[in-house]
2 protein chains.
Amino acid sequence: MVSIKDVARVAGVSDKTVSRVVNREPNVTPDTIEKVQLAIADLGYIPNLAARSIRSSRTNIIGIITDFISTTPYSGDIVRGVQDWAGANGRTVLLANTDGDFDREANVWRTFKAHRIDGVLYVAMYHRVVAPTAGEVTIPTVLVNSHPEEGYAYPSIEPDDFGGSYDLTQHLLALGHRRIGYIRLNPLLLGANQRLDAFLAAAQAGGIAENDIIIRLGMEGPIGRETNYVYREALDILSMPDRPTALVCGNDEMALQAYLAALYLGLRVPGDITIVGFDDFRTVSLALKPELTTVALPYYDLGWQGADMLDQLVQGKGSETERRVLKCMVVTRQSSA
Amino acid sequence: MVSIKDVARVAGVSDKTVSRVVNREPNVTPDTIEKVQLAIADLGYIPNLAARSIRSSRTNIIGIITDFISTTPYSGDIVRGVQDWAGANGRTVLLANTDGDFDREANVWRTFKAHRIDGVLYVAMYHRVVAPTAGEVTIPTVLVNSHPEEGYAYPSIEPDDFGGSYDLTQHLLALGHRRIGYIRLNPLLLGANQRLDAFLAAAQAGGIAENDIIIRLGMEGPIGRETNYVYREALDILSMPDRPTALVCGNDEMALQAYLAALYLGLRVPGDITIVGFDDFRTVSLALKPELTTVALPYYDLGWQGADMLDQLVQGKGSETERRVLKCMVVTRQSSA
DNA sequence: AATCGCAATGACAACGTCGACATTGCTAAT
DNA sequence: ATTAGCAATGTCGACGTTGTCATTGCGATT
């Protein structure tokens with residue numbers, strides 16, 4: 001591998017001068033700069049970041065720790081957001097996945113420390129409460145799509161499930177719906193309760209009677225291996241003699257099953273039944289016909305802004321306890337009327 | 001940061017001896033080993049991999065370059081496969097995304113070279129032909145989910161779309177279907193043609209008459225911004241007076257739209273119409289009711305085995321031109337009968 | 001003309017680790 | 001008793017880079 005010394009020799013200057021050119025330090029003659037840059041291009045020299053980091057004890061690497069990267073596919077957007085931030089700011093991204101396993105997580109922390117990375121984004125693939133103790137964290141860390149357990153102080157960034165759900169419910173009320181079904185997410189998910197609470201709050205504020213709200217549990221059990229009642233419950237709700245005019249689903253995959261149930265029963269969306277989802281998981285929300293009214297989760301921004309928060313933290317400017325919450329926008333499509 | 005010398009001081013040995021213990025070299029007294037390990041634990045020493053890599057000019061880091069990581073969510077499984085391999089073999093994964101942009105890709109290669117990583121997995125998020133020239137590749141590279149353009153020699157690993165599609169078609173023939181609809185993927189995708197070709201080959205081999213095969217184009221246009229005709233075409237095929245008894249869809253999202261069309265027309269799956277997909281994108285294939293018969297793409301194994309091929313290559317044992325193809329399994333569920 | 005100030009450049013050490021080689025001390029063979 | 005052999009440990013330098021400080025040379029000031 002060609003090193004700074006090779007460049008120095010070819011350019012006829014000292015290695016330190018090459019270093020100055022590479023790092024754009026002041027007080028170098030334009031002449032010299034040109035000579036050096038020529039030599040660099042000639043030799044195809046690329047600085048060795050490992051060597052640099054030994055001297056400067058900063059690596060410009062940030063790590064991402066994920067738990068279930070593949071089970072909730074849309075949250076890949078978080079990773080993309082982080083990557084784009086990193087690309088735009090001259091950082092590189094180390095990626096590691098724990099599958100939710102404690103030992104593997106401890107290992108990942110060890111590896112990250114061994115690489116002396118600057119900071120860690122601890123990304124939960126579903127919105128939840130989290131305590132990243134496996135590594136006795138000593139690297140600056142920001143929690144993404146989750147927030148710290150009581151008593152732990154980490155900065156965090158998460159979506160405003162409550163606000164999104166509240167707005168979505170208001171959208172239904174504005175359309176005149178007065179009897180509404182609701183199929184709940186797995187209660188283990190943080191978002192599940194926030195979404196339900198917001199739905200109930202908005203419904204109450206809108207003057208909906210309690211017995212005009214039909215709530216069913218769509219899923220339960222450990223994440224990744226849950227049992228799914230959505231289709232059955234949707235069929236059941238939609239077969240009621242006084243069936244609701246709108247059906248709110250915990251997420252878009254549930255909405256998909258609600259569509260199937262509705263169509264199976266010969267109902268038209270949205271003519272006979274309005275159906276809405278949550279997440280704006282576009283593979284589903286746009287494939288559904290009519291396209292699905294849902295709430296877009298700001299996954300990409302969660303990643304980007306999370307990386308930015310981490311950067312602040314690394315530079316000592318960030319708050320140890322900032323808890324940032326990002327708005328979720330209602331996306332109105334043709335499934336609601 | 002605590003270094004090997006700190007440990008040496010505390011343990012009362014030389015730094016080299018600590019190094020020996022850390023690297024499990026032979027010829028160290030059990031006594032010494034224990035003293036050193038105690039000191040290591042005491043101080044929380046973790047070797048600095050950057051320093052190590054300067055000496056040994058191997059980093060044990062492999063890089064993943066992806067193009068469209070988020071648009072096709074299931075292919076996150078490839079990344080997971082690579083990660084798991086890396087975790088099991090003491091490597092770390094650097095991740096970078098290009099969004100299909102040439103300049104960004106060139107940048108990524110630069111960064112990877114600057115990190116002196118051992119090798120690169122060039123992961124195409126949809127199966128296609130690829131020529132990773134942006135970096136004038138000098139790092140050992142394996143193409144995943146794609147194969148090299150004519151004239152370029154890279155090892156590659158990809159799914160056997162043809163075989164999977166052939167088997168799936170045979171499954172339909174075995175069920176007695178003699179008149180079959182087919183909705184094509186975007187022709188830009190490598191898999192699109194392989195799947196269609198296999199379908200036609202299997203149908204012909206099974207003695208299906210040409211006019212008992214109804215082929216429609218489901219999508220076209222640039223990846224990520226295509227126009228989608230699937231729902232319309234499905235409605236159209238299923239409204240034919242002599243409608244086919246089975247409908248093959250280019251992928252599972254298309255199958256989803258076919259379900260919606262069938263149900264809209266009051267048809268039962270699989271009673272009135274058998275529908276099958278491709279990919280086994282479980283978010284869809286399992287959410288559909290009845291659950292979808294489809295073909296599972298070996299994404300995870302693509303990642304794992306790709307990483308393994310790369311490792312061989314890095315160690316100089318691999319072939320520069322190996323082209324590995326992984327079998328795709330038909331997953332029989334309730335949508336076909 | 002002598003001095004000062006400063007821009008431009010270089011020499012050298014240090015970062016943390018490990019490979020090459022040297023040293024020590026013990027056992028076994030003569 | 002001497003030596004050879006080898007296991008256990010240590011010394012030192014190198015990897016590629018940059019920070020610190022020193023040196024050079026030149027124009028400006030007195």
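If you're wondering where the values come from, they're calculated on a predicted model, not measured in any experiment. Chain letters run A, B, ... following the sequence lines, proteins first and then strands; every chain starts at 1.
Residue B:Ser19 places at least one side-chain N or O closer than 4.0 Å to OP1 or OP2 of C:dC18. Neither OP1 nor OP2 of C:dC15 sits under 4.0 Å from any side-chain N or O of B:Asn48. Proximity of A:Thr32 to the phosphate of C:dT9: a side-chain N or O atom is located under 4.0 Å from OP1 or OP2.
In terms of position along DNA chain D, the nucleotide closest to B:Pro26 lies nearer the 5' end than the nucleotide closest to the other residue of the pair B:Pro26 and B:Arg116.
Extent of DNA chain D lying under 4.0 Å from chain B heavy atoms, first and last nucleotide in 5' to 3' order, is D:dA8 to D:dC15.
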Evaluate the salt bridge (Lys or Arg N to Asp or Glu O under 4.0 Å) criterion for residues B:Glu158 and B:Arg323: first the C-alpha distance (whole Å), next the side-chain angles of each, then the deciding distance (0.1 Å), finally the verdict.
CA-CA 8 Å; B:Glu158 45 189 328; B:Arg323 237 177 102 172; 3.2 Å; yes
Carefully, step by step, assess A:Asp311 and A:Arg91 under the rule salt bridge (Lys or Arg N to Asp or Glu O under 4.0 Å).
CA-CA 10 Å; A:Asp311 188 47; A:Arg91 312 303 158 80; 2.9 Å; yes
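B:Val13 comes within contact range of the sugar-phosphate backbone alone, with a heavy-atom separation under 4.0 Å but no base atom that close.
Note: CZ (B:Arg24) to P (C:dT17) measures 16 Å, nearest angstrom. Rounding to whole angstrom units, CD of residue A:Glu25 and P of C:dA7 are separated by 15 Å. For the pair B:Ile4 CD1 and C:dA14 P, the interatomic distance rounds to 18 Å; values are reported in whole Å. Between B:Arg55 atom CZ and C:dC18 atom P there is a gap of 9 Å when expressed in whole angstrom units. C:dG19 atom P lies 13 Å from atom CZ of B:Arg58, rounded to whole Å. The CD1-P distance, from A:Ile54 to C:dT17, rounds to 8 Å in whole Å. Rounded to an integer number of Å, the gap from B:Arg52 CZ to C:dC15 C1' is 16 Å.
Checking each of B:Asn107, B:Ile65, B:Asp103, B:Thr66 against B:Thr98 for a side-chain contact (heavy atoms from CB on, under 4.5 Å) leaves exactly one that passes, namely B:Ile65.
Around atom CD of B:Glu34, no more than 12 heavy atoms belonging to other residues, nucleotides or ligands sit under 6.0 Å away. By the neighbour-count criterion of 12 heavy atoms within 6.0 Å, atom CZ of A:Arg110 is sparsely surrounded, having that number or fewer from other residues, nucleotides or ligands.
For C:dG10, the base has a donor-acceptor partner in the side chain of A:Arg20 [N/O atoms by modelled type, under 3.5 angstrom]. A donor-acceptor contact under 3.5 angstrom links the side-chain atoms of B:Lys16 to the base of C:dG19.
Judged purely by atom type and a 3.5 angstrom limit, A:Arg116 uses its side chain to pair as donor or acceptor with the backbone of A:Lys113. Not one N or O on the side chain of A:Ser156 forms a donor-acceptor pair closer than 3.5 Å with the backbone of A:Val142.
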